[in-house]
Amino acid sequence: MKKLCLLFILIAALLYGCTDREQAQIVTTTLPVYEFTSALCEGTGLTVSRLITEEVTCLHDYSVQVSQMQAVEKAEVVVLSGAGLEEFLEDVLAKANAVIDASSGISLCSGHEHEGHHHHDPHIWLSPANAKQMCENICNNLCSLYPEHKNAILKNLDGVLLKLDELQSYGESVLEALSCRELITFHDGFGYFAECFDLHILKAVEEESGSETSAQTLVELIDLVNTHSLPAVFTEKNGSTAAAQIISAETGTPVFALDMAMSGSSYFDAMYHNINTIKEALE
(Lines give C-alpha, C1' and ligand atoms only; values in the text may rest on other atoms or scores of the structure.)
Protein backbone atom coordinates (compact mmCIF):
# COMPACT_ATOMS: atom_id res chain seq x y z
CA MET A 1 0.00 0.00 0.00
CA LYS A 2 2.85 2.40 0.84
CA LYS A 3 4.47 1.67 -2.52
CA LEU A 4 1.15 2.32 -4.28
CA CYS A 5 0.70 5.66 -2.49
CA LEU A 6 4.27 6.66 -3.36
CA LEU A 7 3.60 5.79 -7.00
CA PHE A 8 0.51 8.03 -7.04
CA ILE A 9 2.50 10.88 -5.49
CA LEU A 10 5.23 10.54 -8.12
CA ILE A 11 2.68 10.49 -10.95
CA ALA A 12 0.94 13.58 -9.54
CA ALA A 13 4.26 15.38 -9.25
CA LEU A 14 5.13 14.54 -12.85
CA LEU A 15 1.74 15.68 -14.08
CA TYR A 16 2.04 18.94 -12.15
CA GLY A 17 5.49 19.49 -13.60
CA CYS A 18 4.21 18.97 -17.15
CA THR A 19 1.33 21.38 -16.57
CA ASP A 20 3.70 23.96 -15.11
CA ARG A 21 6.03 23.70 -18.10
CA GLU A 22 3.12 24.02 -20.51
CA GLN A 23 2.13 27.35 -18.96
CA ALA A 24 3.44 30.12 -21.20
CA GLN A 25 5.83 32.58 -19.59
CA ILE A 26 4.30 35.47 -21.55
CA VAL A 27 0.54 35.76 -22.01
CA THR A 28 -0.87 38.17 -24.61
CA THR A 29 -4.45 39.20 -25.19
CA THR A 30 -5.35 39.59 -28.89
CA LEU A 31 -3.79 38.65 -32.23
CA PRO A 32 -1.70 41.80 -32.87
CA VAL A 33 0.15 41.78 -29.54
CA TYR A 34 0.49 38.00 -29.72
CA GLU A 35 2.05 38.17 -33.19
CA PHE A 36 4.35 41.09 -32.29
CA THR A 37 5.46 39.50 -29.02
CA SER A 38 6.03 36.09 -30.61
CA ALA A 39 8.18 37.68 -33.30
CA LEU A 40 10.22 39.58 -30.71
CA CYS A 41 10.79 36.41 -28.68
CA GLU A 42 11.82 34.24 -31.62
CA GLY A 43 14.94 32.23 -30.81
CA THR A 44 14.95 33.18 -27.11
CA GLY A 45 13.18 30.11 -25.77
CA LEU A 46 10.54 32.32 -24.14
CA THR A 47 7.04 30.89 -24.57
CA VAL A 48 4.14 33.10 -25.67
CA SER A 49 0.39 32.35 -25.65
CA ARG A 50 -2.78 34.21 -26.63
CA LEU A 51 -5.83 34.56 -24.38
CA ILE A 52 -8.47 35.46 -26.96
CA THR A 53 -8.60 33.11 -29.92
CA GLU A 54 -12.29 33.47 -30.81
CA GLU A 55 -13.39 35.44 -33.89
CA VAL A 56 -14.52 38.71 -32.30
CA THR A 57 -15.32 42.24 -33.49
CA CYS A 58 -15.15 43.94 -30.09
CA LEU A 59 -14.58 43.09 -26.44
CA HIS A 60 -17.25 45.28 -24.81
CA ASP A 61 -19.12 42.37 -23.30
CA TYR A 62 -16.39 39.74 -23.31
CA SER A 63 -16.55 37.30 -20.40
CA VAL A 64 -13.31 36.00 -18.92
CA GLN A 65 -13.07 32.23 -18.60
CA VAL A 66 -11.58 30.55 -15.54
CA SER A 67 -8.75 29.11 -17.63
CA GLN A 68 -7.89 32.62 -18.88
CA MET A 69 -7.85 34.00 -15.33
CA GLN A 70 -5.51 31.22 -14.29
CA ALA A 71 -3.23 31.84 -17.28
CA VAL A 72 -2.92 35.53 -16.38
CA GLU A 73 -2.17 34.79 -12.72
CA LYS A 74 0.50 32.17 -13.53
CA ALA A 75 2.26 34.11 -16.31
CA GLU A 76 5.52 35.93 -15.70
CA VAL A 77 4.22 38.84 -17.78
CA VAL A 78 0.97 39.81 -19.53
CA VAL A 79 1.08 41.90 -22.72
CA LEU A 80 -1.94 44.14 -23.38
CA SER A 81 -2.87 46.00 -26.54
CA GLY A 82 -4.03 48.75 -24.17
CA ALA A 83 -5.98 51.96 -24.84
CA GLY A 84 -8.90 50.51 -22.85
CA LEU A 85 -9.36 47.42 -25.02
CA GLU A 86 -8.90 45.00 -22.14
CA GLU A 87 -11.17 46.64 -19.56
CA PHE A 88 -12.80 43.24 -19.03
CA LEU A 89 -9.50 42.03 -17.51
CA GLU A 90 -9.14 44.84 -14.98
CA ASP A 91 -9.82 42.76 -11.87
CA VAL A 92 -7.74 39.82 -13.08
CA LEU A 93 -4.74 42.01 -13.95
CA ALA A 94 -4.49 43.12 -10.33
CA LYS A 95 -3.09 39.63 -9.66
CA ALA A 96 -0.67 39.62 -12.60
CA ASN A 97 3.08 39.47 -11.91
CA ALA A 98 3.95 42.08 -14.57
CA VAL A 99 1.95 43.91 -17.25
CA ILE A 100 3.13 45.51 -20.50
CA ASP A 101 0.80 48.11 -22.06
CA ALA A 102 1.65 48.26 -25.77
CA SER A 103 -0.33 51.50 -26.28
CA SER A 104 2.00 53.68 -24.22
CA GLY A 105 2.76 56.99 -25.94
CA ILE A 106 0.30 56.47 -28.82
CA SER A 107 -2.11 59.33 -29.57
CA LEU A 108 -5.66 57.98 -29.35
CA CYS A 109 -8.60 58.82 -31.61
CA SER A 110 -12.04 59.59 -30.26
CA GLY A 111 -14.21 56.51 -30.02
CA HIS A 112 -17.86 55.94 -29.15
CA GLU A 113 -20.34 55.83 -26.30
CA HIS A 114 -20.91 52.47 -24.60
CA GLU A 115 -23.31 52.12 -21.66
CA GLY A 116 -23.17 55.86 -21.05
CA HIS A 117 -19.37 56.12 -21.06
CA HIS A 118 -17.18 57.66 -23.77
CA HIS A 119 -14.31 55.47 -24.92
CA HIS A 120 -11.24 56.20 -27.01
CA ASP A 121 -10.86 54.04 -30.11
CA PRO A 122 -8.60 51.18 -28.95
CA HIS A 123 -7.96 49.65 -32.41
CA ILE A 124 -4.53 51.25 -32.63
CA TRP A 125 -2.83 48.36 -34.46
CA LEU A 126 -4.73 49.14 -37.69
CA SER A 127 -2.12 51.83 -38.34
CA PRO A 128 1.31 50.35 -39.18
CA ALA A 129 2.91 53.43 -37.59
CA ASN A 130 1.10 52.68 -34.32
CA ALA A 131 1.98 49.00 -34.65
CA LYS A 132 5.66 50.00 -34.79
CA GLN A 133 5.29 51.94 -31.53
CA MET A 134 3.51 48.96 -29.98
CA CYS A 135 6.42 46.69 -30.95
CA GLU A 136 8.96 49.13 -29.51
CA ASN A 137 6.99 49.36 -26.26
CA ILE A 138 6.82 45.58 -25.96
CA CYS A 139 10.49 45.25 -26.86
CA ASN A 140 11.69 47.77 -24.27
CA ASN A 141 9.75 46.08 -21.52
CA LEU A 142 10.83 42.57 -22.49
CA CYS A 143 14.47 43.68 -22.53
CA SER A 144 14.05 44.97 -18.97
CA LEU A 145 12.30 41.81 -17.80
CA TYR A 146 14.60 39.39 -19.63
CA PRO A 147 18.01 41.12 -19.94
CA GLU A 148 19.65 37.81 -20.82
CA HIS A 149 17.70 37.86 -24.13
CA LYS A 150 18.11 41.57 -24.86
CA ASN A 151 20.34 41.20 -27.92
CA ALA A 152 18.04 38.65 -29.57
CA ILE A 153 14.93 40.70 -28.82
CA LEU A 154 16.48 43.87 -30.25
CA LYS A 155 17.56 42.02 -33.39
CA ASN A 156 14.06 40.62 -33.79
CA LEU A 157 12.64 44.12 -33.39
CA ASP A 158 14.52 45.26 -36.49
CA GLY A 159 12.86 42.50 -38.51
CA VAL A 160 9.34 43.30 -37.29
CA LEU A 161 9.76 47.03 -37.92
CA LEU A 162 10.97 46.29 -41.45
CA LYS A 163 7.82 44.24 -42.14
CA LEU A 164 5.65 47.08 -40.84
CA ASP A 165 7.51 49.63 -42.99
CA GLU A 166 6.91 47.40 -46.00
CA LEU A 167 3.22 47.20 -45.10
CA GLN A 168 2.97 51.00 -44.86
CA SER A 169 4.79 51.49 -48.17
CA TYR A 170 2.61 48.93 -49.90
CA GLY A 171 -0.57 50.58 -48.65
CA GLU A 172 0.55 54.05 -49.69
CA SER A 173 1.53 52.84 -53.16
CA VAL A 174 -1.57 50.72 -53.81
CA LEU A 175 -4.04 53.32 -52.49
CA GLU A 176 -2.38 56.39 -53.95
CA ALA A 177 -4.54 56.74 -57.07
CA LEU A 178 -8.00 55.86 -55.73
CA SER A 179 -10.89 57.57 -57.49
CA CYS A 180 -12.71 57.83 -54.14
CA ARG A 181 -11.21 58.20 -50.67
CA GLU A 182 -14.46 58.34 -48.67
CA LEU A 183 -15.86 55.41 -46.70
CA ILE A 184 -18.95 54.33 -44.82
CA THR A 185 -18.09 51.53 -42.38
CA PHE A 186 -20.25 49.31 -40.19
CA HIS A 187 -17.69 49.30 -37.42
CA ASP A 188 -16.25 52.37 -35.75
CA GLY A 189 -12.74 50.92 -35.38
CA PHE A 190 -11.20 51.78 -38.75
CA GLY A 191 -10.24 55.37 -37.91
CA TYR A 192 -6.52 54.67 -37.47
CA PHE A 193 -6.40 52.73 -40.74
CA ALA A 194 -8.14 55.55 -42.59
CA GLU A 195 -5.89 58.22 -41.10
CA CYS A 196 -2.77 56.24 -41.91
CA PHE A 197 -3.65 55.87 -45.60
CA ASP A 198 -5.28 59.28 -46.17
CA LEU A 199 -8.85 58.01 -46.30
CA HIS A 200 -11.92 59.79 -44.91
CA ILE A 201 -14.70 58.00 -43.02
CA LEU A 202 -17.96 59.82 -43.70
CA LYS A 203 -19.90 57.72 -41.22
CA ALA A 204 -19.03 54.82 -38.95
CA VAL A 205 -21.94 52.82 -37.58
CA GLU A 206 -21.43 50.46 -34.64
CA GLU A 207 -24.01 47.78 -35.32
CA GLU A 208 -24.15 45.18 -32.57
CA SER A 209 -26.62 42.47 -31.73
CA GLY A 210 -29.65 44.05 -30.07
CA SER A 211 -28.79 47.54 -31.34
CA GLU A 212 -29.48 47.34 -35.04
CA THR A 213 -29.26 50.43 -37.23
CA SER A 214 -32.36 52.63 -36.95
CA ALA A 215 -34.54 53.54 -39.93
CA GLN A 216 -33.49 57.17 -39.56
CA THR A 217 -29.81 56.25 -39.73
CA LEU A 218 -30.45 54.04 -42.75
CA VAL A 219 -32.07 56.97 -44.57
CA GLU A 220 -29.07 59.15 -43.66
CA LEU A 221 -26.63 56.54 -44.93
CA ILE A 222 -28.50 56.03 -48.19
CA ASP A 223 -28.44 59.78 -48.72
CA LEU A 224 -24.67 59.85 -48.08
CA VAL A 225 -24.06 57.07 -50.57
CA ASN A 226 -26.09 58.86 -53.24
CA THR A 227 -24.74 62.36 -52.51
CA HIS A 228 -21.10 61.28 -52.59
CA SER A 229 -21.58 58.65 -55.32
CA LEU A 230 -19.83 56.11 -53.14
CA PRO A 231 -18.76 52.98 -55.02
CA ALA A 232 -18.91 50.74 -51.92
CA VAL A 233 -19.87 50.37 -48.27
CA PHE A 234 -17.81 48.36 -45.81
CA THR A 235 -18.70 45.88 -43.10
CA GLU A 236 -16.42 44.06 -40.66
CA LYS A 237 -15.90 40.39 -41.53
CA ASN A 238 -17.24 39.13 -38.18
CA GLY A 239 -19.96 41.76 -37.83
CA SER A 240 -23.53 42.21 -38.97
CA THR A 241 -24.24 42.89 -42.65
CA ALA A 242 -27.99 43.54 -42.32
CA ALA A 243 -27.94 47.33 -42.66
CA ALA A 244 -25.25 47.29 -45.35
CA GLN A 245 -27.33 44.89 -47.43
CA ILE A 246 -30.37 47.18 -47.14
CA ILE A 247 -28.28 50.12 -48.37
CA SER A 248 -26.91 47.98 -51.18
CA ALA A 249 -30.42 46.98 -52.25
CA GLU A 250 -31.59 50.61 -52.23
CA THR A 251 -28.58 52.13 -54.01
CA GLY A 252 -27.01 49.31 -56.00
CA THR A 253 -23.74 49.89 -54.12
CA PRO A 254 -21.78 46.68 -53.43
CA VAL A 255 -20.73 45.61 -49.94
CA PHE A 256 -17.12 44.73 -49.05
CA ALA A 257 -15.79 43.22 -45.81
CA LEU A 258 -12.78 44.58 -43.94
CA ASP A 259 -10.89 42.81 -41.15
CA MET A 260 -10.27 44.28 -37.67
CA ALA A 261 -7.12 42.12 -37.46
CA MET A 262 -7.97 41.51 -33.81
CA SER A 263 -8.42 37.76 -34.18
CA GLY A 264 -7.67 35.09 -36.75
CA SER A 265 -4.28 33.70 -37.71
CA SER A 266 -2.25 36.59 -39.15
CA TYR A 267 -2.19 40.33 -38.46
CA PHE A 268 -0.22 40.99 -41.63
CA ASP A 269 -2.56 38.91 -43.82
CA ALA A 270 -5.53 40.86 -42.43
CA MET A 271 -3.86 44.21 -43.10
CA TYR A 272 -2.90 43.34 -46.65
CA HIS A 273 -6.45 42.08 -47.19
CA ASN A 274 -7.82 45.46 -46.06
CA ILE A 275 -5.52 47.41 -48.37
CA ASN A 276 -6.35 45.21 -51.35
CA THR A 277 -10.08 45.32 -50.58
CA ILE A 278 -10.08 49.12 -50.39
CA LYS A 279 -8.26 49.27 -53.72
CA GLU A 280 -10.74 46.89 -55.36
CA ALA A 281 -13.73 48.77 -53.98
CA LEU A 282 -12.64 52.36 -54.51
CA GLU A 283 -10.30 52.42 -57.50
Side-chain angles (χ1 to χ4, degrees), residues 29-32 52 54-62 80-88 102-103 106-131 134 171 175 180-225 228 230 232-248 253 255-264 267 270-271 273-275 277-278 281-282:
T29 52
T30 55
L31 174 65
I52 301 167
E54 304 97 320
E55 294 287 341
V56 293
T57 59
C58 69
L59 299 175
H60 297 322
D61 303 311
Y62 191 85
L80 307 179
S81 180
L85 183 74
E86 292 95 349
E87 285 185 345
F88 67 95
S103 70
I106 294 176
S107 180
L108 302 180
C109 294
S110 179
H112 64 278
E113 295 286 335
H114 181 69
E115 296 183 350
H117 300 285
H118 181 79
H119 296 259
H120 287 291
D121 182 356
H123 306 91
I124 53 177
W125 59 86
L126 287 172
S127 157
N130 286 345
M134 294 173 75
L175 302 179
C180 173
R181 309 197 75 84
E182 298 172 321
L183 289 75
I184 287 177
T185 63
F186 282 89
H187 195 293
D188 65 354
F190 291 104
Y192 297 102
F193 181 89
E195 182 179 19
C196 196
F197 294 112
D198 192 27
L199 303 169
H200 176 57
I201 296 180
L202 291 172
K203 183 77 173 179
V205 180
E206 186 74 7
E207 188 175 43
E208 301 177 11
S209 178
S211 60
E212 285 71 22
T213 306
S214 67
Q216 180 180 348
T217 300
L218 282 171
V219 170
E220 178 187 351
L221 293 171
I222 290 169
D223 183 59
L224 279 174
V225 169
H228 292 267
L230 298 183
V233 292
F234 298 92
T235 59
E236 202 282 327
K237 73 167 190 173
N238 296 314
S240 171
T241 63
Q245 293 299 339
I246 293 173
I247 292 170
S248 179
T253 303
V255 178
F256 291 82
L258 299 176
D259 192 329
M260 289 303 302
M262 185 191 299
S263 55
Y267 163 81
M271 289 294 289
H273 162 81
N274 289 341
I275 292 168
T277 299
I278 292 289
L282 301 182

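FYI, side chains are in, hydrogens and waters are out, and symmetry mates aren't considered; it's all heavy atoms of this structure.
In this structure a side-chain-to-backbone donor-acceptor pair under 3.5 Å is present from Glu206 to Asp188. Looking at Glu55, its side chain never comes within 3.5 Å of a backbone N or O of Asn238 through a donor-acceptor pair. The backbone N or O of Ala270 sits nowhere less than 3.5 Å from a side-chain atom of Asp259 that would complete a donor-acceptor pair. For Thr253 (side chain) and Ser248 (main-chain N/O), no donor-acceptor pair under 3.5 Å exists by modelled atom type.
Leu183 places none of its side-chain heavy atoms less than 4.5 Å from the side chain of Phe193. A 4.5 Å side-chain heavy-atom check between His123 and His187 finds at least one atom pair inside the cut-off. Contact annotation: the side chain of Gln245 approaches that of Val255 to within less than 4.5 Å [non-hydrogen atoms, C-beta and beyond]. Side-chain contact between Glu86 and Tyr62: absent, with no pair of heavy atoms (C-beta onward) separated by less than 4.5 Å. The shortest side-chain heavy-atom distance between Phe186 and Ser240 does not fall under the 4.5 Å cut-off. Between Leu258 and Ile278, the closest side-chain pair of non-hydrogen atoms falls below 4.5 Å. By the 4.5 Å heavy-atom criterion applied to side chains, Pro32 and Ser81 are not counted as neighbours. Contact annotation: the side chain of Leu199 approaches that of Arg181 to within less than 4.5 Å [non-hydrogen atoms, C-beta and beyond].
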Do Trp125 and Leu85 pass the side chain to side chain contact (heavy atoms under 4.5 Å, CB included) test, and can you show the C-alpha distance, the side-chain angles, and the key distance before you say yes or no? CA-CA 12 Å; Trp125 59 86; Leu85 183 74; 3.9 Å; yes
As a quick check of understanding, evaluate side chain to side chain contact (heavy atoms under 4.5 Å, CB included) for Leu108 and Tyr192, giving each step before the final call. CA-CA 9 Å; Leu108 302 180; Tyr192 297 102; 3.7 Å; yes
Before giving the answer on side chain to side chain contact (heavy atoms under 4.5 Å, CB included), spell out for Cys180 and Leu230 the whole-Å C-alpha distance, their side-chain angles and the decisive distance to 0.1 Å. CA-CA 7 Å; Cys180 173; Leu230 298 183; 4.0 Å; yes
Hey, mind stepping through Asn274 and Phe197 against side chain to side chain contact (heavy atoms under 4.5 Å, CB included) and telling me if it holds? CA-CA 11 Å; Asn274 289 341; Phe197 294 112; over 6 Å; no
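Note: Glu182 CD to Leu224 CG = 9.0 Å, rounded to the nearest 0.5 Å. The structure places SG of Cys109 at 10.0 Å from NE2 of His120, a figure rounded to the nearest 0.5 Å. A distance of 10.0 Å separates CE of Met271 from CE of Met260, quoted to the nearest 0.5 Å. Atom CD of Glu220 and atom CG of Leu218 lie 10.0 Å apart (nearest 0.5 Å).
Across all non-hydrogen atoms, the minimal contact from Thr235 to Ala244 is CG2-CB, 3.5 Å. Of all heavy-atom pairs between Thr213 and Ala243, the closest is OG1-CB, 3.6 Å. Across all non-hydrogen atoms, the minimal contact from Asn130 to Ile124 is CB-O, 3.1 Å. Looking at every heavy atom in both residues, Ala261 comes nearest to Leu31 through O-CD2, 3.9 Å.
Applying the side chain to side chain donor-acceptor pair (under 3.5 Å) test to Thr241 and every residue at least two apart in sequence or in another chain returns nothing.
Environment of CD in Gln216: sparse, with no more than 12 heavy atoms of neighbouring residues, nucleotides or ligands closer than 6.0 Å. Summarising the local packing, CD of Glu195 is surrounded by 12 or fewer heavy atoms from other residues, nucleotides or ligands at distances under 6.0 Å.
Taking the six-membered ring where tryptophan is involved, the planes of Phe234 and Phe256 are tilted, since the angle between them lies from 30° to 60°.
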